[in-house]
There are 2 protein chains.
Amino acid sequence: MNMKSIQLNEKEIQDKGSGCEVIPSFFNLLNSEQLKSINSNRFQVSFKAGETIIKQGSPLTHVIYLSEGKAKVLLESFGQTVLLKILSKPAIICGPGLYTDYRHYFSVEALGDTKTCFVDINLFKQLTLSNQSYVMKLVTDLNREIINLYDKLKSLTQKHMNGRLADTLIYLSEDIYQSREFTTELSRSDIANMSCMTNGSAIRTLKDFKDDGIIDCNGNHFKILKKEVLLDLSKKG
Amino acid sequence: MNMKSIQLNEKEIQDKGSGCEVIPSFFNLLNSEQLKSINSNRFQVSFKAGETIIKQGSPLTHVIYLSEGKAKVLLESFGQTVLLKILSKPAIICGPGLYTDYRHYFSVEALGDTKTCFVDINLFKQLTLSNQSYVMKLVTDLNREIINLYDKLKSLTQKHMNGRLADTLIYLSEDIYQSREFTTELSRSDIANMSCMTNGSAIRTLKDFKDDGIIDCNGNHFKILKKEVLLDLSKKG
DNA sequence: ATTGTTAGATGATATATGTCACTTCTATTT
DNA sequence: AAATAGAAGTGACATATATCATCTAACAAT
C-alpha cells in the first residue's frame, strides 16, 4: 500500500482536479474553512487489487473516502465470510463504530486498484456536528443502511439458493454495474459469499440459470437475458 | 386499542408521575420549552397482548414511546416472519423510515399489555435537529442497531440450529429478562421465528438442550443450567 | 516447453432442516 | 363436567444444501 500525504488547496478540491475528487454528498456541504482543515489532515493511500483497506476488529481512527475503484465489504464470522455489499467511488466508508466503540465491524478489501483518502475521525466528527444538513444526511444514510440490512436478512434467511443468487445478480446488474451486461471483478467464491452458499452451489446454480436461458455467462462476463424470471425467482424465494 | 389525548405539565413528565415516564435518554435532553411542545402533541394509547402497534408498510407519522410492557419487532417477508428483537420499556420506537421514505419497515406487536405515547414525527424531527446531544445519541443508537443486525446476520446465516437457538436463549436471559431463570410471554413459535427455524425444529432442539441438561424448561418457564455450553454452541455455530 | 498453482466445474454422498400428519396437553367456554 | 380450540410436542419422510474428492482450464514462474 502506497501512502503519501497530500496538500490540496480549496480550489483543487472543489474542482475535482486531484486524486481525491469532491464527494457531492459530503464535501459540498462544507464551507471553505472546513475544507481547509480537512485538507491539512488527509492522507491519500492507494491499494492494489485484493489488498485490505479495513480489517474487521481494528480501531476506527479515520473515515475513508473511496475516490477511485471498487471495494468489497465483508462480514467475517468464525471462518466464514458474508459479502455484504460492493462500494463504488465515490463513497465515504465509516462503519457503525462511529459514536459507539470506535472499532471496525467489517473488513473492506479492494476490488481492483483503488485510491482512498484517510480523514481523521475526530476532525470528521467536528465537521459533522457543526453542520445541520450533514447530520440529516448522516441519519438518512444510516437508515438506508438499516433498510438494506433488513432486505439482506430477509433474502438470506428466507429464500432458497435460486432466490438468493437471483438477488445477487439483480444487485450487481442494477446497483453496481448499471447494465444488463457486465464484466465483474468478483470471483465465483465472492458471488457465493454474497449469496450465502458454498462455492459449488453458486457455480451449480449459475449453470442452472444458464441452461434455462435466464442468463449468459462466460468467465466473468455476465448477461441478464430474462430479468423477469430473476425477479420472479427473487420473489418466490 | 384505547386512545386518549393527555396533557401533562413539565413537572409531571420530569417526575415520572404519569403513564408516560421520562425516558432518561431522550426527554432528559430537552429543555422546558421543548417538553411543553411535546406535551401538547401527544396521545397515550394502550394495547392488549397480541395487538399490532405498528404494521410494516404503513406510513411513519409518529414516534412511539413505549412506557409500559414489552413488544415484539417483526420483519415480515413473503408469508414468513423473522422476530428481530424484543423491546422493553422504556423505549423509543422509530424505524429507518426516518429521513428516508417515512414508511414502517417492521411490525411491532404487543407482548402482554402495553402503554405507549404517540409523538408527531415532525415535532420529533424539530426537537432532534435543534439539540446537538440528541443528534449524537440518535447516531449512536442507529449504529448500535446496525451492529446488532450484523450479529443477527452472522448468527442466522452461518450457524446451525443449535447455535441459533443458543443465541436466542442467551439474548432472552441476558438482554431481556436479565436472569438465568425467567418466565417468558413468548410462544414456541416466537422462539422459532427468532431463531429462524420451524416450530417443530425449535421444540425439538429445546428438548435436546433439556435432555442434555443445558437448560430446564416447563412451559414458559426457562432456566439456564449450563451457560458455558450455550456460549460454546453459539461460538461453534 | 514444463511445471506448479489457482480458480472453475462436476459428481457422489451425507446431513441438516423443513414439511406434514398426528397426538397430547392446557385452558377456555358452555 | 364436557366440549372445543389452540398450543405444544412427536415422528416419518422429503429435500435442499454442504462436503469432499476429483478433474479441467487458465495462467504464472521456471
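In what follows, every chain begins at residue 1, and chains take the letters A, B, ... in the order their sequences are listed. Because the structure is a prediction, the values reported are computed rather than measured.
- The pair B/Lys227-B/Glu174 meets the salt-bridge criterion, with a side-chain N (NZ, NE, NH1 or NH2) lying under 4.0 Å from an Asp/Glu carboxylate O.
- The pair B/Asp211-B/Lys207 counts as a salt bridge, with a side-chain nitrogen and a carboxylate oxygen less than 4.0 angstrom apart.
- Rounded to whole Å, the distance from CG on B/Leu206 to P on D/dA7 is 17 Å.
- Within the 4.5 Å cutoff, the side chain of A/Ile64 has no heavy atoms near those of the A/Ile92 side chain.
- The pair B/Lys85-B/Glu145 meets the salt-bridge criterion, with a side-chain N (NZ, NE, NH1 or NH2) lying under 4.0 Å from an Asp/Glu carboxylate O.
- Protein atom CD1 of A/Ile203 is 16 Å distant from nucleotide atom P of D/dC20, rounded to whole Å.
- Relative orientation of the A/Tyr150 and B/Phe106 rings is perpendicular, given thresholds of 30° and 60° on the angle between their planes.
- Between A/Ser201 and D/dT17 there is no side-chain polar atom (N or O) within less than 4.0 angstrom of OP1 or OP2.
- Considering B/Leu156, B/Thr168, B/Leu206, B/Leu83 in turn, B/Thr168 is the only one that fulfils the side-chain contact (heavy atoms from CB on, under 4.5 Å) rule with B/Ser195.
- In this structure, B/Leu165 places its CG atom 11 Å from P of C/dT17, rounding to the nearest Å.
- In this structure, the side chains of A/Leu172 and A/Phe222 stay at 4.5 Å or more apart for every pair of heavy atoms.
- Looking at A/Lys70 and A/Glu109, no side-chain N of the basic residue comes within less than 4.0 Å of a carboxylate O on the acidic one, giving no salt bridge.
- Whole-Å rounding puts the B/Asn199 CG to D/dG9 P distance at 10 Å.
- Atom-to-atom, CG of A/Asn218 to C1' of D/dA26 comes out at 14 Å; the value is rounded to the nearest Å.
- Side chains of A/Asn220 and A/Thr184: no donor on one and acceptor on the other come within 3.5 Å.
- Legend: salt bridge (Lys or Arg N to Asp or Glu O under 4.0 Å) pairs involving residues 55-67 of chain A, not counting sequence neighbours, sorted by first then second residue: A/Lys55-A/Glu76.
- Within residues 185-197 of chain B, the residues having any heavy atom under 4.0 Å from DNA chain C are, by residue number, B/Cys196, B/Met197.
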Distances under 3.5 Å between nitrogen or oxygen atoms of protein and nucleotides 11-15 of chain C:
| unit_1 | atom_1 | unit_2 | atom_2 | d |
| --- | --- | --- | --- | --- |
| C/dG11 | N7 | A/Arg204 | NH1 | 2.8 |
| C/dG11 | O6 | A/Arg204 | NH2 | 3.3 |

Pairs: protein N or O with nucleotides 23-29 of chain C N or O, under 3.5 Å:
none

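- Contact check of residues 154-164 of chain B against DNA chain C (heavy atom, cut-off under 4.0 Å) returns B/His160, B/Met161, B/Arg164.
- Using a 4.5 Å heavy-atom threshold, the side chains of A/Leu230 and A/Leu165 count as separate.
- In this structure A/His104 satisfies the ring-ring contact (aromatic ring centres under 6.0 Å, His included) test with no other residue, sequence neighbours excluded.
- Within a 6.0 Å radius of NZ in B/Lys223, no more than 12 heavy atoms belonging to other residues, nucleotides or ligands are found.
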